Amino acid sequence: MARIAPLSGFPELLPAQRVVEREVIASLSQTFELHGFANIETRVVEPLDRLAKGGEIDKEIYVLRRLQADDGADDTGLGMHFDLTVPFSRYVLEHAGHLEFPFRRFQVQPAWRGERPQEGRYRQFTQADVDVVGRDVLPFHHDVEVMAVMVDALDRLPVPPVSFQFNNRKLIQGFYRGLGLADVTAAIRVIDKLDKLPADEVARLLVEQAGATPEQAARCLELATIRVPDTSFVERVRALGVTDELLDEGLAELAAVVEGCSQVDAPSVTVEANLRIARGLDYYTGTVVEIFMRGYERLKSVGGGGRYDALATDGKTTYPGVGVSFGVSRSLLPLIADGVLAGSRPVPSAVLVAVVDEESRGRSTRVATALRRSGVPCEVAPTAQKFGKQIRFADRRGIPWVWFPGEDGEHTVKDIRSGEQVVADPATWTPPVEDLRPRVLTTTTEETTP
RNA sequence: GUGGGCGUAGCUCAGCUGGUAGAGCGCCGCGUUGUGGUCGCGGAUGUCGCGGGUUCGAGUCCCGUCGUUCACCCCA
């Protein structure tokens, strides 16, 4: 029985499950590096005043303090980061003198939020972020680039198909402005409720909270219901008859992002323009995106991001950025729990070297040494049980091969899946490459490895 | 943070209006004296999440607590 109570919201994985997470992180990192993004790791804590920029998230910050703090000082003024964007913006400011701009980095780290946990929401979770940051300026084409990188990265993952839903803040703001709407920010917040409230209710709220006329509210809803897999949204928006300079700019940018991401060779990723995607964070200024995973829409977005013209500023210089993050824990833990993803084995060993009797354990150890020299992960059987038991030991752990050391160099190795057993030389034999490392198994297809 | 559902063997679960804890799978042993998986026979599972209360008696009822899950909120 579990005498030690698990901590709610702080999930831990068993070895075979951890195989999945490690392979996914390795795959993401590899793709990001293929696109020339450097890896960084930021410290776990940040000064509280930097983390707390107002907003609901303040209450979710875990604060650090010493057990024997002075009575007067109840904390150290440090909190654990709740995402990777805030620490990154601080990192950029702090190390700006040593970075080359535009700076391209990726980061895969845990973050902490004191939330009520549930499926896909944890108090400690890992996310993977890719961003490009410029000094003073960051050309728009980086929006397309960084989104395309994430499209490529997620396409290579052994997860269900994902959908990138793009929108653009300039488009929304320009449209509302051209429409003559008073409170653009309030209107965006209301439109964001569209998946929870019926359309006519949203229209009512637009009138009530955003100072819209019924006519304006109707137009806003028309805009928000546009959702297409190509650039045809441009014509449909124009047909609504609103003209505005910012709107034009947003339309062009969104078209470029949708176009650019559609051109990535990524069969398991769909790309759409969805004009009701707003995203709550108010620092976004252009491109915004939310990512959804097929069959797991209940998790809401498994990733998201966008353009922020002032990621960081030191008063003299501003650093605009564009980035997107993928929720590693949010997407993987439900997939693992549902049995969609599993590790092929809980141990790295590809071979179990059997032990004939304790007197000859040295012979088995020498076989293992030879195999390791060839890069074959292996282990020696813990006890000299009957061979049937030793084979079962390997079978339980998913170790595909069992090596039987012979008396006079007469070695044999058995594939316990097929039962086939052949004479082999420890110095030269290697298993098929697909047996070398644990792999990620999916229930739908046979297997996938980065 | 607010409100609801659920917590029984390693796993999935059964257990009626309170009366001495069960099944399947898995695990262990033997059949099979050095090559597993099938089959047959046998065996062990457990502070019924934890603490308190009501009762002659609590897995069952009540309260609290922890865990889990759902909704709100927020977002990865």
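Computed from a predicted structure; not experimentally measured. These numbers come from the heavy atoms of this one structure, side chains and all, not from hydrogens, waters or symmetry mates. Numbers restart at 1 for each chain; the letters A, B, ... are given by sequence-line order, proteins then strands.
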For [N], give its Watson-Crick or G-U wobble partner with both distances under 3.5 Å, or none.
{"N": "B:C16", "result": "none"}
{"N": "B:G64", "result": "B:C50"}
{"N": "B:G37", "result": "none"}
{"N": "B:U55", "result": "none"}
{"N": "B:G43", "result": "B:C27"}

Nearest whole angstrom, please: distance from the [atom2] of [N] to the [atom1] of [X].
{"X": "A:Arg392", "N": "B:U35", "atom1": "CZ", "atom2": "C1'", "answer": "12 Å"}
{"X": "A:Ile416", "N": "B:G37", "atom1": "CD1", "atom2": "P", "answer": "12 Å"}
{"X": "A:Phe82", "N": "B:C73", "atom1": "CZ", "atom2": "P", "answer": "20 Å"}
{"X": "A:Arg123", "N": "B:A76", "atom1": "CZ", "atom2": "P", "answer": "19 Å"}
{"X": "A:Phe387", "N": "B:U35", "atom1": "CZ", "atom2": "C1'", "answer": "8 Å"}
{"X": "A:Glu21", "N": "B:A76", "atom1": "CD", "atom2": "P", "answer": "18 Å"}
{"X": "A:Asp83", "N": "B:C74", "atom1": "CG", "atom2": "C1'", "answer": "13 Å"}
{"X": "A:Leu352", "N": "B:G36", "atom1": "CG", "atom2": "P", "answer": "15 Å"}

Would you kindly say whether [X] and [Y] are connected by a side-chain donor-acceptor distance under 3.5 Å?
{"X": "A:Asp152", "Y": "A:His35", "answer": "yes"}
{"X": "A:Glu290", "Y": "A:Gln165", "answer": "no"}
{"X": "A:Trp401", "Y": "A:Asp415", "answer": "no"}
{"X": "A:Asp129", "Y": "A:Gln127", "answer": "yes"}
{"X": "A:His81", "Y": "A:Trp112", "answer": "no"}

Mind checking if [X] touches a base, just sugar-phosphate, or nothing, with heavy atoms under 4.0 Å?
{"X": "A:Gly305", "answer": "nothing"}
{"X": "A:Phe393", "answer": "nothing"}
{"X": "A:Val324", "answer": "nothing"}
{"X": "A:Ser301", "answer": "sugar-phosphate"}
{"X": "A:Val328", "answer": "nothing"}
{"X": "A:Lys389", "answer": "sugar-phosphate"}

Got a donor-acceptor pair under 3.5 Å from the side chain of [X] to the base of [N]?
{"X": "A:Arg121", "N": "B:A76", "result": "no"}
{"X": "A:Arg330", "N": "B:C75", "result": "yes"}
{"X": "A:Gln390", "N": "B:U35", "result": "no"}
{"X": "A:Asp395", "N": "B:G36", "result": "yes"}

What interatomic distance, in whole Å, is found between [atom1] of [M] and the corresponding atom of [N]?
{"N": "B:C66", "M": "B:G51", "atom1": "P", "result": "15 Å"}
{"N": "B:C61", "M": "B:U54", "atom1": "C1'", "result": "8 Å"}
{"N": "B:C74", "M": "B:U8", "atom1": "C1'", "result": "36 Å"}
{"N": "B:C13", "M": "B:G26", "atom1": "C1'", "result": "14 Å"}
{"N": "B:U45", "M": "B:G40", "atom1": "C1'", "result": "22 Å"}
{"N": "B:G22", "M": "B:U60", "atom1": "C1'", "result": "15 Å"}
{"N": "B:U12", "M": "B:U20", "atom1": "P", "result": "27 Å"}
{"N": "B:G7", "M": "B:G46", "atom1": "C1'", "result": "14 Å"}

Relative to A:Tyr122, does A:Arg330 satisfy both conditions: NZ or CZ under 6.0 angstrom from the six-membered ring centre, and within 45 degrees of the ring's axis? no

Let me spell it out: for each of A:Ala354 and A:Arg417, pick the nucleotide of RNA chain B with the closest heavy atom. Which residue's pick is nearer the 5' end? A:Ala354

Could you pick out which residue, A:Asp415 or A:Gln127, lies toward the 5' side of RNA chain B when each is mapped onto its nearest nucleotide? A:Asp415

Out of B:U35, B:U33, B:C73, which has the shortest distance to the side chain of A:Phe404? B:U35

Close side-chain approach of A:Phe233 and A:Phe166, heavy atoms under 4.5 Å: no

Is the phosphate of B:U33 approached by A:Lys386 (side-chain N or O, under 4.0 Å from OP1 or OP2)? yes

Look at the side-chain N and O atoms of A:Arg396 and state whether any lies under 4.0 Å from the OP1 or OP2 oxygen of B:C28. yes

Is the backbone of A:Ala199 close enough, under 3.5 Å, to the side chain of A:Glu201 for a donor and an acceptor to pair up by distance? no

